[in-house]
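Single-structure report; data block below.
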Amino acid sequence: MSNPVRSSSGRAGPVILVMALFSVSAAACTMPMVDSSEISQGELMLQLSDALNGMRSENADLQEQIDSLRRVVVRQDSLLIRLANATGVPLR
């Protein structure tokens, strides 16, 4: 029984290689071509997404700092009120 893929020299490698290259090239011809503007738009969207995430993180850090400063001010105000009450000094 002979193998139909084998060439006349008895090696199947070159025939299979040619068939594989042909099928890959045929598949590449049928694939839709991606426009470079679509690629640049996709990259731009990724960059915008990264920038937005960075801004959200920075906003959260700033909000945490504001909350911390508010706690410090409240603590200082309550200390001043206690000192004023203890010494009898009126506050405005």
Side-chain angles (χ1 to χ4, degrees):
M1 186 185 278
S2 70
N3 189 349
V5 177
R6 291 184 183 260
S7 64
S8 61
S9 63
R11 289 190 253 159
V15 174
I16 292 175
L17 181 63
V18 169
M19 288 174 48
L21 287 174
F22 178 74
S23 63
V24 168
S25 63
C29 290
T30 61
M31 293 174 63
M33 298 302 291
V34 178
D35 191 12
S36 64
S37 65
E38 290 177 8
I39 292 173
S40 63
Q41 285 177 350
E43 290 174 357
L44 181 63
M45 292 301 288
L46 287 174
Q47 290 173 356
L48 286 173
S49 174
D50 291 342
L52 183 60
N53 287 334
M55 289 178 64
R56 285 180 181 158
S57 176
E58 188 176 335
N59 189 27
D61 292 341
L62 290 173
Q63 187 62 48
E64 188 176 320
Q65 289 177 358
I66 290 171
D67 292 342
S68 175
L69 290 172
R70 283 183 180 158
R71 285 190 297 270
V72 169
V73 169
V74 167
R75 193 175 326 142
Q76 287 176 352
D77 284 349
S78 65
L79 178 64
L80 289 175
I81 290 171
R82 279 189 262 155
L83 287 172
N85 288 336
T87 59
V89 176
L91 287 178
R92 294 181 192 198

Gap between atom CD1 of Ile81 and atom CD of Gln76 - 0.5 Å precision | 12.0 Å
Side-chain contact test, heavy atoms from C-beta onward, threshold under 4.5 Å: evaluate it for Ser78 versus Arg82 and give yes or no.
-> yes
Nearest 0.5 Å, what's the CZ-CG distance between Arg75 and Leu79?
-> 10.0 Å
Can you find a pair of side-chain heavy atoms, one from Leu44 and one from Ser40, that are under 4.5 Å apart?
-> no
Between the CE atom in Met55 and the CG atom in Leu62, the distance rounded to the nearest 0.5 Å is 10.5 Å
Taking the side chain as C-beta and beyond, is there a heavy-atom pair between Val74 and Arg71 under 4.5 Å?
-> no
Determine, stepwise, if the pair Asp67 / Gln63 fulfils side chain to side chain donor-acceptor pair (under 3.5 Å).
-> CA-CA 6 Å; Asp67 292 342; Gln63 187 62 48; 3.2 Å; yes
Does the Thr87 side chain pair with the main chain of Leu83, one donor and one acceptor, at a distance under 3.5 Å?
-> yes
To the nearest 0.5 Å, what is the distance between CD (Gln41) and CG (Leu48)?
-> 11.5 Å
